[in-house]
Amino acid sequence: MTLWFVFALMTVAAIFAVLLPLGRRARAQDQGSEVAVYKDQLAEIERDLAAGLIPAPDAEAARVEISRRLLAAAASEPAVAPQSNLKWRRAAAVLALAGLPLVAAGVYMPLGSPKLQDFPLAQRERAPGKAQSLENLVEQVQQHLEKNPTDGRGWNVLAPVLERLGRFDEAVRAYRNSLAYNGESAERRSDLGEAISAAAGGVVTAEAKTEFERAHALDADDPKANYFLGLAAEQDGRKDDAANIWRTLLAKAPADAPWRALVQSSLVRVAGGTMPALSDETIAASRDMAEGDRNAMVRGMVERLATRLKQNGEDVDGWLRLVRAYLVMGDRDKAVGASADARQAVASDAERLRQLNDGLKTLGLGG
């Protein structure tokens, strides 16, 4: 309201500034001037002559003298400004009264928004231009799904976000709804089983195992289902079965599969090994080496990996390979030291730190 009041005062002041000169009456340009005086004197001489108060010769002489002075006075006075027409002045006044507000409104309407309500600071901080937290976005999606519970795409989007936030029970419900409204698929069954395991603190429960088995039945090569079925075997004490499942998974896995390092570390955990830091090609090339030469080659590669990571510590997979190599070589102190160095190297990147901690937890160094 204060802003509108100021605008109104400014408009009134502008109109007053325009109307003030228009409202002044024009001054008589001839009032009190010498020309007027001499004209009056000529008229008076004519009256006196007609009344017989002065003789004709005297009247003629006086008329000549006054006429001379009148001509001199008229020549010395400035030009008289033309008087303004009253009709035009009134038209200008009406134009000012109506035109100024119209022009102001014409300028404001394209730029302003007269229907916009008050926008307090708290609401401005939650405006779309500001970065919204993940929790706020989840709340919006949940509100949408309350009104549209059969929106399978919405449940499909919501479920992994809830799991990432650690809200596992809600994620399980979301994955179940995703299955109900999107249909069966190995990926959705595996995701549901993973959420159930996460809600159980990482234990592959009977319910979770059932979901992984259903996923495996739909797609025998589903990597998540195979990994967790191997984990279930390990948790049941069947390490050989777990190792066989993971070996088969690795044999079919692409070389650049993002989960390959996790499966390899799990395999090392249950089956042991001497070359976790080597690529498959290097392993194949070293099979014909003597045991001592092979171990020396492994240690040399581990040392080079450690040197590289000290120079560029953003490689999470590299850190996990280094820690795993130290554990396999029986040097737990170096593994713990490498874990600390790795956390320090990626401390500024939340996503890399999360990946590192997940990998270290799998290796038994999650503390």
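Owing to the predicted nature of the structure, the values given are computational and were not obtained by experimental measurement.
Interatomic distance, OG of S339 versus CZ of R332, reported as 8.5 Å (0.5 Å rounding). With values rounded to the nearest 0.5 angstrom, R167 atom CZ is found 11.5 Å from R173 atom CZ. We find the CD-CZ distance between E234 and R269 to be 4.0 Å, quoted to the nearest 0.5 Å. One finds the CG atom of N312 at 13.0 Å from the OG1 atom of T307 (value rounded to the nearest 0.5 Å). A distance of 9.0 Å separates CG of L249 from CZ of R260, quoted to the nearest 0.5 Å.
Identified under the salt bridge (charged side-chain N to carboxylate O under 4.0 Å, His left out) test for residues 202-211, with sequence neighbours left out: R176-E207, R189-E211, E211-R214. Among pairs with a residue in residues 144-153, none fulfils salt bridge (charged side-chain N to carboxylate O under 4.0 Å, His left out), at least two apart in sequence or across chains. Under the ring pair (Phe, Tyr, Trp, His ring centres under 6.0 Å) criterion, no residue pair touches residues 311-339, with sequence neighbours excluded. The stretch residues 194-205 participates, sequence neighbours left out, in these salt bridge (charged side-chain N to carboxylate O under 4.0 Å, His left out) pairs: E194-K224.
For the pair N156 (side chain) and G152 (backbone), a donor-acceptor distance under 3.5 Å is absent. At distances below 3.5 Å, not a single donor-acceptor pair connects side-chain atoms of R352 with backbone N or O atoms of V316. Between the side chain of Q235 and the backbone N or O of V204, at least one donor-acceptor pair lies under 3.5 Å. With S266 contributing its side chain and L262 its backbone, the two residues share a donor-acceptor pair below 3.5 Å. Between the side chain of N226 and the backbone N or O of A220, at least one donor-acceptor pair lies under 3.5 Å. Although no hydrogens or angles enter the test, the distance criterion places a donor-acceptor pair under 3.5 Å between the side chain of W155 and the main chain of P149.
Between A338 and V323, the shortest heavy-atom distance links the atoms CB-CG2, 3.9 Å. The two residues A174 and L162 come nearest to each other via the heavy atoms CB-CD1, 4.1 Å. Residues A186 and D219 come closest through the heavy atom pair CB-CB, 3.6 Å. Nearest approach of A215 to S190, heavy atoms of both residues: CB-OG, 3.2 Å. Smallest separation of non-hydrogen atoms from A261 and D317: CB-OD1, 4.5 Å.
Residues that satisfy the ring pair (Phe, Tyr, Trp, His ring centres under 6.0 Å) test with W246, not counting sequence neighbours, are Y227. Checked against side chain to side chain contact (heavy atoms under 4.5 Å, CB included), E351 has the following partners two or more places apart in sequence or in another chain: R164, D349, R354, Q355. For the salt bridge (Lys or Arg N to Asp or Glu O under 4.0 Å) test, no residue two or more places apart in sequence or in another chain qualifies with E187. With sequence neighbours left out, A199 forms a side chain to side chain contact (heavy atoms under 4.5 Å, CB included) with F168, D169. With sequence neighbours left out, the side chain to side chain contact (heavy atoms under 4.5 Å, CB included) criterion links P258 to no other residue. Judged as a ring pair (Phe, Tyr, Trp, His ring centres under 6.0 Å), and not counting sequence neighbours, the contacts of F228 are F212.
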Cut-off 3.5 Å, no hydrogens considered: what does the side-chain donor-acceptor table look like for residues 238-245, sequence neighbours left out?
from: R238; atom 1: NH1; to: D241; atom 2: OD2; distance (Å): 2.9
from: N244; atom 1: ND2; to: D240; atom 2: O; distance (Å): 3.2

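V336 and L322 fall within the same hydrophobic cluster, defined by Ile, Leu, Val, Met, Phe, Trp and Tyr side-chain heavy atoms under 4.5 Å apart, directly or through other members. Residue L165 is grouped with residue L158 when hydrophobic side chains (ILVMFWY) are merged at heavy-atom distances under 4.5 angstrom, including chains of intermediate members.
Grouping Ile, Leu, Val, Met, Phe, Trp and Tyr by side-chain contacts under 4.5 Å, direct or through others, puts Y175 with V172, L179, L192, I196.
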Could you go through the side-chain contact (heavy atoms from CB on, under 4.5 Å) check for L250 and L267 one step at a time?
-> CA-CA 10 Å; L250 287 173; L267 182 59; 3.9 Å; yes
Show the numbers, then the answer: is there a side-chain contact (heavy atoms from CB on, under 4.5 Å) between R321 and D315?
-> CA-CA 10 Å; R321 289 199 305 273; D315 183 3; 4.2 Å; yes
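Side chains of D191 and E163 form no contact here, defined as non-hydrogen atoms less than 4.5 Å apart. Proximity of R308 to L305: side-chain heavy atoms (C-beta onward) are separated by under 4.5 Å at one or more points.
For E184, the CD atom is densely surrounded, since the number of other residues' heavy atoms within 6.0 Å is greater than 12.
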